[in-house]
There are 2 protein chains.
Amino acid sequence: MSRKEEILDAAVTIADRDGLDAVSMRAVADQVGVTPMALYPHIGSKAELLAAMQGRVLSELLPIQAGTDWRDQLRQLAHASRGLARRHPWVGSLMFSRPSVAPDAVRVTDAIYQALLDAGVPAADVPRLERMLSTFVLGYALSETGGRFGPSSQDPRGTRGQLPDGALPAHTRLAQWLAKPADWDDEFATDLADLERLIEALAQPAPE
Amino acid sequence: MSRKEEILDAAVTIADRDGLDAVSMRAVADQVGVTPMALYPHIGSKAELLAAMQGRVLSELLPIQAGTDWRDQLRQLAHASRGLARRHPWVGSLMFSRPSVAPDAVRVTDAIYQALLDAGVPAADVPRLERMLSTFVLGYALSETGGRFGPSSQDPRGTRGQLPDGALPAHTRLAQWLAKPADWDDEFATDLADLERLIEALAQPAPE
DNA sequence: ACCTGAACACCGTTCAAGT
DNA sequence: ACCTGAACACCGTTCAAGT
């Protein structure tokens, strides 16, 4: 194992255990058993270290088993991406801050393109639709791991007190459904099913 | 203007101009003309300062003009949210890290609920669909401002060299459409139109 | 080539002291 | 109540020096 891989391993371990903020050059160096400055020849800078960490965990999405059904293919990739973000809760925020150009990341994009082509989506719409789907999947995963879907996101009881009566008519009408907590697994699957129908609607009758 | 508002103004000004990383207690204190420790009685901690900044700029989405058409309503809110994220490029990352429970943010959610109810979406599906739509809109905005849609996100020519020939068959097939840069305004509008159709598909014939 | 150690210019926050 | 100033335990990174 090269020193660079050793450094990446240490950084990922720290991020998984203590969060991205705990990944300091000093902490990584400690874990490796070396002085902070010894990291620089191998990783360049902290920004490059973060990019390399992202590339490394994205490889966990591979290999993609070539399915015959585009629906299975997209579902598998979506669930795998969400799983990845749950195993490495820090990766979501990194995904939005740079293009995913690591070779393994581009392979994943290619698989999504292929699934959309198989579905019969016009070639001109494929790149846009890939961005839309990955934006949703990454956004959902980041909402879960980052805290947007956290407690009180559904039940704004505390907030309602600060607002005049009747300021939230739709919340009142939906009180019954806002009361019970969401099942994030179910919701993700249902969202994907809706998006699958969106894809079908865009597909042309003759897929080739 | 209270001291707290003065502090929030200073923090937002710095973040808009130099990015979120430039918002340090020391920098904000400097801008206000006071010592760093003088901020604490007013804002509690840096984490609370960030939350307050988020709440403050979200208020720019108000007031929501009650439109008769749910389509107009959703489109306006989506474009306004994207515009907000472009005026304050730091807000996207904050949105994903905590529930939007500021009173003004809940008003926005209520307007979306109302639009979905007007569209005829079953009440049981409304909260889920609101989360799906806002996840997409916020994710799209963050992709633009954060850098995910940045250069080389579409044309992975550099990466392709690192991969064996034929590793990216779908990219090859789509070369023609991947070559020309995307128009992010157009793409956002097209995505919204697709999502509108998704909403229509979920709507029941009798909206009441 | 690879690593160390001191230094620089920063952080958020605590604490005791001033008015 | 509001603010200051010194201090503590951190940052990322440069630089000169060692092997």
Side-chain angles (χ1 to χ4, degrees), chain A residues 1-57 88-98 146-147, chain B residues 1-57 88-98 146-147:
Chain A
M1 185 161 69
S2 75
R3 189 105 265 202
K4 177 164 186 186
E5 288 174 280
E6 207 178 336
I7 293 170
L8 281 179
D9 263 1
V12 168
T13 301
I14 294 170
D16 287 348
R17 194 186 51 214
D18 302 319
L20 200 57
D21 289 345
V23 179
S24 69
M25 301 302 272
R26 282 161 166 95
V28 173
D30 261 19
Q31 177 97 354
V32 175
V34 94
T35 264
M37 283 318 298
L39 305 176
Y40 282 81
H42 300 101
I43 53 100
S45 69
K46 178 157 186 199
E48 289 173 69
L49 172 62
L50 294 177
M53 288 170 66
Q54 176 187 0
R56 157 167 268 253
V57 299
H88 308 293
W90 44 272
V91 85
S93 56
L94 290 184
M95 292 296 307
F96 279 102
S97 60
R98 70 200 89 232
Chain B
M1 184 162 66
S2 76
R3 190 107 262 206
K4 176 164 186 184
E5 288 174 280
E6 207 178 336
I7 292 169
L8 281 179
D9 263 1
V12 168
T13 301
I14 293 170
D16 287 349
R17 194 187 51 213
D18 302 320
L20 199 57
D21 288 346
V23 179
S24 69
M25 300 302 273
R26 283 162 166 94
V28 174
D30 262 20
Q31 177 97 354
V32 176
V34 94
T35 263
M37 284 317 299
L39 305 176
Y40 281 80
H42 300 102
I43 52 100
S45 69
K46 179 159 184 198
E48 289 174 71
L49 171 62
L50 293 177
M53 288 170 68
Q54 176 187 359
R56 157 168 266 252
V57 299
H88 308 293
W90 45 272
V91 85
S93 57
L94 291 183
M95 292 296 305
F96 279 101
S97 62
R98 70 201 89 234

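Below, chains carry the letters A, B, ... as their sequence lines are ordered, and counting in each starts from 1.
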>> Can you list, in residue-number order, the parts of residues 5-25 of chain B that come under 4.0 Å of DNA chain D, counting heavy atoms only?
In response: none
>> When you compare the side chains of W90(A) and D16(A), does any donor N or O come within less than 3.5 Å of an acceptor on the partner?
In response: yes
>> Checking R3(B) now: which residues fulfil salt bridge (charged side-chain N to carboxylate O under 4.0 Å, His left out) with it, not counting sequence neighbours?
In response: E6(B)
Every protein N/O within reach of nucleotides 17-19 of chain D N/O, cut-off under 3.5 Å:
none

>> Applying a 3.5 angstrom cut-off to the pairing atoms, does DNA chain D sit in any stems of at least three consecutive Watson-Crick or G-U pairs? List them by first number.
In response: C:4-8 with D:12-16, C:12-16 with D:4-8
>> Determine whether a donor-acceptor pair (N or O, by modelled atom type, separation under 3.5 Å) exists between the side chain of K4(B) and the backbone of L39(B).
In response: no
>> Strictly distance-based, threshold 3.5 Å: is any side-chain N or O of S24(A) a donor or acceptor partner for the main-chain N or O of A27(A)?
In response: yes
>> Applying side-chain hydrogen bond (donor to acceptor under 3.5 Å, both in side chains), can you list everything that pairs with D9(A), at least two apart in sequence or on another chain?
In response: R56(A)
Might you list the N or O atoms of the protein lying below 3.5 Å from N or O atoms in nucleotides 2-8 of chain D, with each pair's distance?
{"from": "dC3(D)", "atom 1": "OP1", "to": "R3(B)", "atom 2": "NH1", "distance (Å)": "2.6"}
{"from": "dT4(D)", "atom 1": "OP2", "to": "T35(B)", "atom 2": "N", "distance (Å)": "2.7"}

> For Y40(A) and dA16(D), what is the distance between atoms OH and P respectively, to the nearest whole Å?
Replying inline: 17 Å
> What's the NZ-P distance between K46(B) and dC11(D), to the nearest Å?
Replying inline: 15 Å
> So do the side chains of L94(A) and Q54(A) get within less than 4.5 Å of each other, counting heavy atoms only?
Replying inline: yes
